[in-house]
Amino acid sequence: MPHVTGPAVVPRPLRLQQLSDQPFVLVPGIAVVAPDPAAREAAERLATLVGGSVRATAAPDAAAFRLRLLGPADDERYPPTDPAGGEEALPTLPTGESDEELPAGAEAYRLHVHADGVDVDARTPAGLGHAVTTLAQLLTGTSGGAWTLPAVLVVDAPRFTWRGLSIDVARHFVRVADLDVVIDLMADHKLNVLHLHLTDDQAWRIDLPSRPELVRRSSGASVGGDPGGHYTAEDYARLVAHAAARGIVVVPELDVPGHVNAALHAYGELSPSGRPTDEYLGIDVGFSRLTAALPATDAFLHDVFRDVAAMTPGSYVHIGGDEVQGMASDEYAALVGTAAAAVRAAGKQVVGWQEIATTPLEPGTVVQYWDVHADPAPFVAAGAAGARLLLSPGDRTYLDMKYHPGYPLGLEWAGHVELRDSYDWEPATLLPGLPAEAVLGVEAAVWTETLRTLDDLTTMLLPRLAAVAEVAWSAPDRRDWEDFRTRVAALGARWDAAELSWYPSPQVDWQR
């Protein structure tokens, strides 16, 4: 695809057409018209952005933002904040302007900016939210202090229904207020899944009613003895609500049968010795494990997954399953099977790291691929048998990897990941032989062994999160590195205005 210039929208829309109309000039108190109550959250977000007020009606000839929910299409099968299925192929688009057809899928939207106002159509509140995100990137200030929007027609829909970010809150605890900032960043990049890695060797970060000792004994510290913390049921509910208001579903992860030292420290009956293990605040992996033969193990797995599922309105619960060393394959399969059965019994769908592909899986199970050095055969076979693959290749999407040798934050086990590394890859060809329909989506991950503050976290996320978001949203024929680096350059000023720390990659000529 040739290099394209135009408004700096990231991720790149399916279609953005610049029109010959005059720009739309915003006036103080402009009306944001949203007759449908379901459009209220998107309307309020837009009103805050443009200094307007939300109204159910306005004079027909008044300059305004008009938000319209079209209702479900015949092909709509997927809830807007819960990526339970794949998008259908997008239709060939007509060449008209205001009569442009809305693409397939629950998250599609259409916006038309003209001199007299802005018309926004979507099937769901999530689609309206994405349109507001696009409008935020199109806003331009003038020398006279006014704000304008260029005359454009945008018709857009995501390539993948799962566009996620996984955050490790176990190695270093991330406060609720800081997670709120990250959730807002995700919405700014049209991501829709927040995957929380809640448990590991170092700590257990969520309070579950059936197992109170998990947070009483195993949440007080972080790696290296740094301060810890945990989420109460109220904290978690507030996070879920904050995310849902921005079209983002929360997927909790309780990592078993490895990465479980925090659980063994809280409950000695989970250890073969019958005694609690010592607290562990290092960063080694692979040394802890559950034991299938112990009577306490099955009850523990059923209790914790039942509890976290009951707290989670979304469709998915992540069971972990990675980096279990020194365990026989039959015991590993038995423990993964028990955890998966507990999740399904609670009415949720199972997600697990790629290692679970070596065990019997129910159709629809989500396998999260991360280790690019692993034999791809089990994942291809799992996809052919009905599993769905979530792609998180460590050398592209692990955003805790150092940008370059000597960078003060991050690790290097998956290499160094610069901005272009996070952009220049294609999900459809990552695992040769994998059926295209088996790819559910793309998810970035950030692990916190070396990240202690919100500034640390956003510095590693930005700008690479924008690159991963475009890979997840935009079709390959709509992606081009030179075009992307031009568009992403404009985001630096927005991150500065929001007082966010970020890495000014030398691969981009930043506009600051």
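All values below come from the heavy atoms of this structure, side chains included, with hydrogens, waters and symmetry mates left out.
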Looking at Tyr503, I'd like to know if the NZ or CZ of Arg464 sits under 6.0 Å from its six-membered ring centre while staying within 45 degrees of the ring's axis. no
Could you tell me which residues satisfy side-chain contact (heavy atoms from CB on, under 4.5 Å) with Val304, sequence neighbours excluded, listed by chain and number? Trp204, Leu208, Arg211, Leu214, Leu254, Phe300
Can a salt bridge be assigned to the pair Arg485 and Glu418 using a cut-off of 4.0 Å between side-chain N and carboxylate O? no
Cut-off 3.5 Å, side chains only: do Arg45 and Thr133 have a donor facing an acceptor? yes
Name the orientation class of the two ring planes belonging to Trp447 and His197 (parallel below 30°, tilted from 30 to 60°, perpendicular beyond 60°). perpendicular
Please check: side-chain N/O of Asp207 versus main-chain N/O of Ala233, any donor-acceptor pairing under 3.5 Å? no
Does the Ser218 side chain pair with the main chain of His265, one donor and one acceptor, at a distance under 3.5 Å? no
Mind telling me whether Tyr403 and Tyr407 have parallel, tilted or perpendicular rings, with 30° and 60° as the class edges? perpendicular
State plainly whether the residues Glu470 and Arg487 are in salt-bridge range, i.e. N to O under 4.0 Å. yes
Ion pair present between Asp480 and Arg12, side-chain N to carboxylate O less than 4.0 angstrom? no
Of all residues at least two apart in sequence or in a different chain, which pass the ring-ring contact (aromatic ring centres under 6.0 Å, His included) check with His195? His318, Trp353
Between Asn261 and Ser288, do the side chains contain a donor N or O and an acceptor N or O under 3.5 Å apart? no
Does Arg452 come within less than 4.0 Å of Asp456, counting only side-chain N to carboxylate O? no
Could you give the distance from OG1 (Thr458) to CD (Glu499), rounded to the nearest 0.5 Å? 11.5 Å
Angle class for the Trp502/Trp495 ring planes (parallel below 30°, perpendicular above 60°, tilted otherwise)? perpendicular
Any side-chain to backbone donor/acceptor pair from Arg289 onto Pro257? Under 3.5 Å, distance only. no
Quick check for you: to the nearest 0.5 Å, what is the distance between Asp400 atom CG and Thr448 atom OG1? 8.5 Å
For the residue pair Ser222 / Arg205, report whether a side-chain donor-acceptor contact shorter than 3.5 Å exists. yes
